[in-house]
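Structure, as structure tokens:
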Amino acid sequence: MIRRRVARGATGVAVLLIAAELAGRTGLVDTSLLPLMSTVLARAAELVADPAFLADVWGTLIVWAAGLLIAVVIAVPLGTLLGSLPRAETATRPLVEFLRPIPSVALLPLITLLIPDDSAIKMTAVVYAAAWPLLVNTMYGLRDVDPIAKETMRSFGFGRLAVLARVSLPSAAPFVLTGVRLATAVGLIVAVSAELITGGTAGVGAFMIRAGAGFRTDLVLAATLWAGVLGLVANALLLELQRRAFRWHAATSGELS
Amino acid sequence: MSAATTLPPAEVTKRRARGGRLSALVTRVWLIPVVVAAWEIGTRQAASAYFPPPSQIVARAYELWFSGPAAHLFLTDDALGDFLPSLARLFGGWAVACVLGIGLGVALGRSRALAGYIDPLVEFGRAIPPPALVPLFIVIFKLGTEMQVATIVYGVIWPILINSIDGARYVDRLHMDTAEVFGMGRAQRLFRIILPAAGPKIFAGLRLSVALAVILMVLSELVGSTDGIGYQLSYTQMNFDLAGMWSVIVLLGVLGLVLNASFLAVERRVLSWHRRARQTT
Amino acid sequence: MLDVVNLRHTYGQGPSAHHALGGIDLKVAEGELVSVVGPSGCGKSTLLRSIAGLIEPTDGHIRIRDGHVTGTPGDLAVVFQDYSRSLFPWMTVGENVALPLRRRGMGRAARRAAAAEALAEVGLPGAEAKYPWELSGGMQQRVAIARALAYRPTLLLMDEPFGSVDAQTREDLEDLVLKVRELHRMTILLITHDIDESVYVGDRVVVLTKSPARVAGELSVDLPFPRDQIATRELPAFVHLRAEVGRLVRAKEPLPPFHASQQA
Amino acid sequence: MLDVVNLRHTYGQGPSAHHALGGIDLKVAEGELVSVVGPSGCGKSTLLRSIAGLIEPTDGHIRIRDGHVTGTPGDLAVVFQDYSRSLFPWMTVGENVALPLRRRGMGRAARRAAAAEALAEVGLPGAEAKYPWELSGGMQQRVAIARALAYRPTLLLMDEPFGSVDAQTREDLEDLVLKVRELHRMTILLITHDIDESVYVGDRVVVLTKSPARVAGELSVDLPFPRDQIATRELPAFVHLRAEVGRLVRAKEPLPPFHASQQA
Amino acid sequence: GSDTSSSNTGGGLEKTTINIGAMPIADVAGLFIANERGFFKEEGLTVNAKIIKSAAEAIPQLHSGGLDVAIGNYFTIISATERTPDKFRFVADIYQSKPDVFQIVVPKDSPIQTVKDLKGKKVSVASRNSIAELAVANSLRTAGLDPKNDVEWVPIAFPLAPPALKNGDVDASWLTEPFLTGVQQEQGARKIVDTMTGAMADFPIAGWVAMDDWTKKYPKTMAALQRGLLKGQQIAAADRKAVEKVLPSYTQIKPEVASVINLGSYPTTLTPARIQRVADLMFEYGYLTKKMDVTPLLAPLPQ
Ligand SMILES: Nc1ncnc2c1ncn2[C@@H]1O[C@H](COP(=O)(O)OP(=O)(O)OP(=O)(O)O)[C@@H](O)[C@H]1O
Ligand SMILES: Nc1ncnc2c1ncn2[C@@H]1O[C@H](COP(=O)(O)OP(=O)(O)OP(=O)(O)O)[C@@H](O)[C@H]1O
Ligand SMILES: [Mg+2]
Ligand SMILES: [Mg+2]
């Protein structure tokens with residue numbers, strides 16, 4: 001089962017890589033502009049042995065993970081609150097919807113003005129961007145709870161909080177976790193993008209600036225590749241968590257067997 | 001209450017409806033003036049050139065965009081030249097992302113084999129920052145609209161895709177069994193069962209993507225663009241036009257607000273069954 | 001104990017409004033078991049949900065132990081008609097049953113023991129570790145019953161609680177309810193479609209009219225206790241009572257039609 | 001028509017596996033109505049889902065009209081035990097009933113008319129525009145029945161289809177099923193807990209043992225047609241048959257226990 | 001660390017750790033030479049070089065204190081001085097143009113031969129309202145074209161310009177090293193003009209900049225920094241090999257490219273007269289609304 005999943009995934013990746021390599025070899029794309037896939041892979045492999053790059057990856061990881069954690073700690077309770085208090089939701093909706101489409105990248109200079117610390121700046125940007133999918137998914141998840149399940153709790157005399165803790169949240173949990181998966185990717189994107197803009201002492205984005213300024217597209221793409229791999233690994237971990245924690249969800253909603 | 005008893009019943013309900021609508025409006029918007037006032041006071045107190053008060057921002061926005069001739073709906077040439085292309089890219093990119101995201105998402109959600117092959121690529125792809133892909137896009141697409149739309153699609157598609165996969169994968173088992181038993185064809189199952197059942201989740205993804213589309217519109221206009229709201233943003237930044245920059249930010253927020261409100265109106269119609277079925281009485 | 005006065009409930013508003021309850025008066029004494037019968041769609045579940053405080057009456061009021069009901073009264077348990085949706089799929093059967101016992105201030109072990117006992121009583125010994133979706137329909141229904149009984153409420157509302165089990169199990173469950181009520185002095189309101197059952201378990205049978213529901217009639221069931229599935233059902237008084245209830249129920253058209261005009 | 005040979009089904013694997021079907025043999029002739037009774041949790045729904053091709057048998061096989069069943073046979077309708085979850089909440093009741101009729105190549109108007117007719121037949125005239133969640137439990141169940149009947153399948157599987165309706169409606173629905181079968185020559189497998197019902201509607205009654213289910217016995221019901229709710233039930237043959245079925249069902253322990261040891 | 005404590009070697013410095021923002025380009029070679037050879041250590045300073053993408057993005061970081069000093073190109077800082085309430089101080093010079101360091105190039109088979117042919121064409125510059133625009137505008141005007149109306153300006157960062165040029169998205173690009181060498185070697189791109197001639201000859205490009213408050217608060221630290229920087233700068237000015245050697249340590253430029261690229265010069269003094277040229281030219285081309293005296297922008301040089 002798992003072996004087959006891995007085999008299929010590997011096939012998919014291989015097909016893409018070969019297609020990209022062929023596009024370069026056949027002249028479909030200009031190799032003076034875009035290096036061959038094999039070149040990028042070779043650079044990516046070399047980077048693993050480059051302590052400077054590893055320090056960059058570490059820097060990004062810290063910003064990403066911490067930002068994500070803070071976003072979860074803020075947005076999930078907030079989403080829970082807004083999802084279970086319709087009045088609060090209607091009142092704050094204009095504010096939320098006003099803030100949501102403002103690119104954290106556009107806010108970066110302003111954040112920079114207020115916060116002197118380099119990684120705190122990037123973390124703030126990550127939190128800002130990652131909070132929205134968490135908030136929206138938590139709210140939608142809470143709204144999707146079966147009313148009979150809630151009424152069952154209420155009929156036993158449980159208060160709002162107990163209903164929330166024992167029914168609404170568990171029932172919404174799979175959807176919240178989907179939100180976490182979305183936020184994880186968004187967080188990585190913003191962490192790297194913020195580094196691409198403000199630079200910093202360490203970070204995959206800062207590495208990309210150095211590589212770009214040295215006209216080394218091969219290195220830029222190799223670093224991009226690693227960013228993708230980071231996201232892939234994080235998602236795989238979350239998916240495994242989802243599979244383990246939410247067996248009931250797959251069973252009752254008929255995930256394909 | 002006592003006044004109501006003297007009125008004919010029809011009149012009472014009408015009044016209630018009117019009063020209801022007014023109070024509904026109040027509950028919906030009361031926070032806005034509060035926040036704006038707090039912002040005005042806070043920024044005046046701080047008196048930092050980098051954080052101009054909203055009144056100053058609005059004045060600058062008026063000067064930049066809304067002081068045009070009546071024939072152009074008071075929009076200036078700058079506004080027309082920047083808003084229209086931006087909105088075109090925004091909607092174009094979002095529409096493409098919706099079609100691709102929902103289509104691919106449902107396919108991946110319902111086919112374990114296909115998902116097996118493509119899932120890692122999806123997970124890989126969505127972890128890559130769109131700005132990092134610009135070197136790739138600039139080779140593949142033509143600079144300008146083509147590349148901008150590609151950037152928007154690339155950035156916006158993921159929440160739609162992920163939520164569509166999730167929604168399509170987890171349809172109530174008994175719903176699918178019922179469809180199976182009544183021998184519903186593929187198309188019917190797709191349009192009558194899977195899409196409506198996945199609807200709430202797909203819409204959650206779409207709602208996320210609307211705001212994201214605005215963000216990516218801005219990002220896409222930061223490279224090689226000669227017009228658009230994003231270009232305006234970077235131009236005001238380069239010119240140290242701080243009130244102008246804030247105007248663009250506020251404009252983006254307002255744009256998102258409007259888009260989201262229209263989106264919710266659509267959602268309320270399409271998902272009315274869901275809202276009413278899930279209401280706790 | 002329970003006093004329902006001129007209770008009305010209307011779903012929706014305007015032209016599509018539906019009058020489900022058309023003024024119901026009902027008194028239930030402490031420790032009494034009242035069966036409620038009535039045609040499908042007449043408003044029985046609506047009545048039960050109103051008493052449980054889950055929906056707000058459009059008019060009239062409900063008093064429990066002298067207090068007006070607003071919200072859910074304390075010390076209440078409900079077995080919902082849609083039992084499968086009232087079990088929580090993320091909890092095992094044992095956890096589902098034990099959950100409300102937290103409100104009784106019971107420790108973990110005590111909760112577990114009580115849940116196991118209740119499950120055994122409904123014929124599901126050893127099922128604690130299973131998940132609800134691993135059980136058959138009838139077994140799920142019994143889990144819902146076990147949850148309500150284990151809670152030992154003073155007021156128990158049951159909405160067709162034995163509809164999905166076989167005849168033998170049904171009889172056993174009926175006797176179980178009678179036994180538990182006896183032991184713990186519960187007040188019970190039981191909705192059923194089975195006229196025999198309504199007489200067998202009830203101290204009193206209340207018959208509702210078709211929608212909008214009103215009380216069509218009431219019958220006191222003065223059959224001796226303890227009741228016995230064979231002996232009691234053979235009593236002439238039982239046969240007479242069930243015929244009486246049948247007559248009351250059947251005093252209307254063959255099928256309770258759903259009139260578009262009712263919606264006005 | 002339908003031929004089930006040594007059908008086995010096991011849920012799960014390893015130590016927590018549960019043997020639901022322990023080798024079932026069953027033949028249903030064209031146009032026959034077979035009632036299935038058996039204790040709660042014995043495996044009736046599992047049998048029905050296997051025949052419908054929704055779960056794959058662990059062993060044995062199913063033949064329909066000479067063809068092995070893999071997947072769902074064509075021209076089939078099912079009324080699920082969990083009717084409320086089998087209705088689509090995003091469609092009105094009318095749309096729910098009309099939906100499968102698309103496969104019959106019917107036009108929009110014809111579909112609508114057929115749905116309206118079927119709804120009227122189950123006692124829900126004029127309910128087309130409502131949504132399932134605006135209906136009572138029994139009404140939802142009747143919508144599911146209307147959907148199956150309107151489809152006019154050659155094979156109809158029903159899992160406790162009348163469990164949530166009142167006695168009067170239940171009788172009417174029983175007669176409706178008999179009438180529709182007569183008119184359209186359907187083959188019907190009907191799971192029920194009501195022994196009287198199993199005899200009243202069946203050409204044959206199949207009794208299953210407790211889990212893992214096997215066939216405990218079969219009885220041919222040679223009561224005359226058309227059947228009549230009062231006259232038929234008074235026939236000595238009816239009384240005898242129902243006693244026979246009762247005897248077969250009761251041939252086991254009082255409550256069908258759920259043994260932890262069964263799970264091995 | 002010990003941010004403000006004066007160490008033994010500190011000699012009464014107000015601050016011993018300095019965050020300095022540098023772009024990964026040849027201009028800042030002097031800084032890295034100084035750091036590598038321990039010139040700052042000798043002054044009792046710890047200097048952290050942070051990579052930044054552009055000088056404009058350093059301004060908010062200077063403002064917040066995230067950076068103490070940053071590379072600031074003269075054009076941007078002068079422009080910011082006019083338009084924002086911020087006061088800046090250049091503490092040392094960094095880079096000055098030499099012939100062929102900034103050129104306008106066109107694709108190999110382009111019909112464009114001279115600057116005149118750029119009329120109505122798309123020209124890419126690293127960013128709008130910058131020295132890039134000024135340099136190209138100067139060349140255009142010299143060739144008799146009107147910079148405002150005769151070309152379409154397309155802002156494209158240097159690393160992205162080569163593919164845009166190759167794909168025909170733009171007709172010409174204003175480039176510097178290592179991209180100049182890159183496009184010439186790999187795409188056969190052709191130079192049509194060296195923009196650093198005439199009014200732009202030996203033009204000041206960038207200097208180290210700090211906020212005015214900062215220079216007042218940390219005068220000794222600033223002097224120490226200036227001394228360290230100067231030593232590095234002197235080596236960069238005198239020894240091209242030293243620059244080539246240090247470049248790969250803070251950029252990803254391949255060593256073989258580093259050895260062939262055109263470098264500007266590394267000035268070791270900071271005189272108002274030279275910097276005034278920038279402000280004057282900016283005013284002439286309309287990038288400043290008023291004439292500006294740059295003297296207050298320059299910090300006193302160390303003794
Ligand atoms: N949410 C709702 N919106 C609108 N109408 C409703 C709603 N819930 C119930 N009704 C209507 O109210 C009436 C009474 O419903 P109720 O569920 O109380 O019936 P019941 O007596 O429990 O029937 P059954 O025996 O079939 O369960 C029905 O006609 C039903 O259509
Ligand atoms: N998904 C599942 N996983 C594990 N065990 C299951 C699953 N579904 C059913 N079972 C078990 O299989 C047995 C038979 O279940 P089934 O639903 O067929 O019973 P049934 O005869 O229909 O009972 P009822 O009359 O109560 O509906 C039960 O003991 C049940 O616990
Ligand atoms: Mg009901
Ligand atoms: Mg069953």
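Reminder, nothing fancy here: chain letters follow the sequence lines and each chain counts from 1.
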Worksheet item: Side chain, backbone, both or neither: which part of A:Ile115 has an atom under 4.5 Å from a heavy atom of chain E?
Response: backbone
Worksheet item: Say you draw a straight line from CG of A:Leu241 to CG of A:Leu177; how long is it, rounded to the nearest 0.5 Å?
Response: 5.5 Å
Worksheet entry | Under 4.5 Å from any heavy atom of chain A - which part of E:Gln187 | side chain
Worksheet item: Is it the backbone or the side chain of E:Ala157 that comes under 4.5 Å from a heavy atom of chain A, or both, or neither?
Response: neither
Item to complete: Before accepting this row, confirm whether a basic side-chain N of the pair E:Lys122/E:Asp171 lies closer than 4.0 Å to the acidic partner's carboxylate O.
Response: no
Item to complete: Report the option among A:Ile121, A:Asp118, A:Leu219 that has the most heavy-atom pairs separated by less than 4.5 Å from atoms of chain E.
Response: A:Asp118
Worksheet entry | Atom group of A:Leu196 that falls short of 4.5 Å from chain E, counting heavy atoms | backbone
Worksheet, complete the sentence: Ranked by heavy-atom pairs below 4.5 Å to chain A, first place among E:Ile51, E:Asn19, E:Ile253 goes to E:Ile51
Practice prompt. Give a yes or no on whether a salt bridge exists between E:Lys254 and A:Asp218, defined as a side-chain N under 4.0 angstrom from a carboxylate O.
Written response: no
Discussion item. Using modelled atom types and a 3.5 Å cut-off, is there a donor and acceptor pairing between side-chain atoms of E:Glu14 and backbone atoms of E:Thr221?
Written reply: yes
Discussion item. Please determine whether side chain to side chain contact (heavy atoms under 4.5 Å, CB included) holds for the pair E:Val47 and E:Leu225, giving the CA-CA distance in whole Å, both sets of side-chain angles, and the decisive distance to 0.1 Å.
Written reply: CA-CA 9 Å; E:Val47 170; E:Leu225 181 72; 4.1 Å; yes
Worksheet item: Of the backbone (N, CA, C, O) and the side chain (C-beta and beyond), which part of E:Gln61 lies under 4.5 Å from a heavy atom of chain A, both, or neither?
Response: both
Discussion item. Angle between ring planes, A:Phe207 versus A:Phe53, binned at 30° and 60°: parallel, tilted or perpendicular?
Written reply: perpendicular
Response to the item:
Pair count under 4.5 Å, heavy atoms only, with chain A: among E:Lys166, E:Met23, E:Glu177, highest is E:Lys166
Response to the item:
Cut-off 4.5 Å, heavy atoms of chain A, and the answer for E:Phe158 is neither
Discussion item. Using heavy-atom distances under 4.5 Å, tell me whether E:Asn167 contacts chain A through its side chain, its backbone, both, or neither.
Written reply: side chain
Item to complete: Identify the residue among E:Ile20, E:Thr46, E:Asn35 that makes a side chain to side chain contact (heavy atoms under 4.5 Å, CB included) with E:Phe40.
Response: E:Asn35
